[in-house]
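The residues of the chain are indexed from 1 along the displayed sequence. Hydrogens, waters and symmetry mates are skipped; everything else that's a heavy atom, side chains included, is used.
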Amino acid sequence: MVGSRSRRLGELLRERCHLSEEQIQEAVELHRKSGQRIGQALVSLRYVSEKDLAWALGEQAGLPVVNLGEYPLDPDLLGLLPADLALRSQLLPLSRENGTLTVACADPFNLQALDDIRLLVGCRLRPVVAPADEIKRVLEHSYMERLIQDSRDRDAEAASEEMDIADLEKMAGEAVVIRLVNVIFHQAVRDGASDIHIEPFEREVKVRYRIDGVLREISSPPRRLHPAIVSRIKILGDMNIAERRLPQDGRIRLRVAERQIDVRVSTVPTLYGESVVMRILDKETALRGLPELGMDPETLARFRRLIRRPYGIILVTGPTGSGKTTSLYAALQEIYSPEKKLLTIEDPVEYQLPGVNQIQVRPSIGLTFASGLRHIVRQDPDVIMVGEIRDGETAEIAIHAALTGHLVLSTLHTNDAAGAVARMLDMGAEPYLVASSLIGSVAQRLVRLNCPVCKRPDEPDPDAIREVGLTAEDRARATFTRGAKCEECGFTGYRGRAGVFELLTVDDEVRRMITQRTSAVEIKRYALANQGMRTLIADGRDKVVRGLTTIDEVLRVCQRDEL
């Protein structure tokens, strides 16, 4: 039996996690706005962990809190509950003894769900408490394995038959396909994946998640189901399931674990079928403030001074997936006020920013970056964000917008901050115009952070120390750490990411160098000597010294200084 609520959940969590009154009130406000319970609101705000919440619920209900790793999974017990019911109610059967079924639950006060199971299995229940994220992880993994095995069994039964896959829409509506796609989405969101890759090969289909910038393979479905899975995704994304010869783009909106998720879908035909890549846009985790990006205090202060300038161009550079858009969004949130009008033109609009007018590029009807930007300047904006400067026309309009009193933020694909100057000139912009309008450029990369749960002291290899450029002074004050690889980080040793940054500000000397078409190498050399600019790898070294990441990780994304 579930005990009575003798103490409030907030009081228990306040004592265990040393919460302040302000944090409790912030959770109460989130509860009022979103309908989340107080405990879940505190988890969403990252003031408490799922384990802390499970402990408090167990205390409140008078029930034991269990470690799921101590219970071997029984497929027969899992088969007692429909997958949808178990996942929705966060209930996991653990053991059965003397006519009593022990069930792990994330919310012991969900009496309706417990009653439903009691009627379904026809025996007494012994509820215990476990963290919600652990229950979801076990359920999703277990049901994925069951679905895959069921499909393989069907393949074996039908091996001698000629399979008809012409009716893709019918196949996509099969229950096993719908459940497989749902589990793929659920598991990706739970693991914090930014992208899902579904790749067909001659004899297999690979499903991989990009987590913290690195691809990680998961259990893969049978090859036979690949056309049906792709068709199901196309239906969700409002795409043409009959067209398999041309690339297509789509967008899916779905709700996973009480979170609104947007998914950008891209399909391309390959030798063995269509490859699908889906970018997950999680509105609850993507938007960050400037202090959360990982800039060191000096670089952050300089960047803040730049974005508060009344006019000029600020460029954020780096390869795809280096966090450029996240940095631009953080800058927009920092400078937003009711007295300013902020406009963006993006391809696509990834996240909705409160108080900001956002425009989606639509080349099929003539709405390109250049044409949209030309009209934006007539909307009397104070700040303009252009998703990317891709051509000379867009660069020219952005420059003129900056010269006529607008602050313009945009991105470029270059290797370092000084390279942004060369790229603008390569696109045909006049040197004197670039010198007059550009006020700063930021290069950035993302490095994975050591898992806070399993990181341990570490002594790096001497060759690696030399490769990254650590001095004897750096080593003397360093706190080298490395993740020992645990379940929390997916046995990678890393969890979460932060940026490494290189900030170039355009002063009078840099303007003179731009007008004279001085090389990017010379501009960078000047900034290092006279502006106190730190290179990407220098910022990475600082994070290694502070124990935030490893030398291997910094060298993975940063090139060694050669100046």
(request) Can you sort out the partners of Asp552 under side-chain contact (heavy atoms from CB on, under 4.5 Å), two or more places apart, ordered by chain and number? (result) Arg482, Thr550

(request) List for me each residue that meets side-chain hydrogen bond (donor to acceptor under 3.5 Å, both in side chains) alongside Asn530, sequence neighbours excluded, and say none if there are none. (result) none

(request) Show the numbers, then the answer: is there a side chain to side chain contact (heavy atoms under 4.5 Å, CB included) between Tyr526 and Asp507? (result) CA-CA 11 Å; Tyr526 164 80; Asp507 57 19; 2.9 Å; yes

(request) Kindly determine whether Ile233 and Val263 satisfy side chain to side chain contact (heavy atoms under 4.5 Å, CB included), including the steps that lead there. (result) CA-CA 10 Å; Ile233 291 169; Val263 182; over 6 Å; no

(request) Give a yes or no on whether Asn415 atom CG has more than 12 heavy-atom contacts from other residues, nucleotides or ligands under 6.0 Å away. (result) no

(request) Return the set of residues passing side-chain contact (heavy atoms from CB on, under 4.5 Å) with Pro452 (not counting sequence neighbours), or none when no residue passes. (result) Arg495

(message) Quick check on Glu217: does its CD atom have over 12 non-hydrogen neighbours (other residues, nucleotides or ligands) under 6.0 Å away?
(response) yes

(request) For Val103, check side-chain contact (heavy atoms from CB on, under 4.5 Å) against everything at least two apart and list the hits. (result) Leu91, Leu101, Leu125

(message) For residues 64-73, which residue pairs pass the salt bridge (charged side-chain N to carboxylate O under 4.0 Å, His left out) check, not counting sequence neighbours?
(response) none

(message) Any carboxylate oxygen within less than 4.0 angstrom of a Lys/Arg side-chain nitrogen, looking at Asp262 and Arg251?
(response) yes

(message) Could you check whether Arg14 pairs with Glu21 (Lys NZ or Arg NE/NH1/NH2 to Asp/Glu carboxylate O, under 4.0 Å)?
(response) yes

(request) With sequence neighbours left out, write down each residue that passes side-chain contact (heavy atoms from CB on, under 4.5 Å) with Lys543, or none if nothing qualifies. (result) Val447, Ala498, Val500, Asp539, Arg546, Leu548, Thr549

(request) Indicate yes or no: does Arg534 engage Glu298 in a salt bridge with an N to O separation below 4.0 Å. (result) no

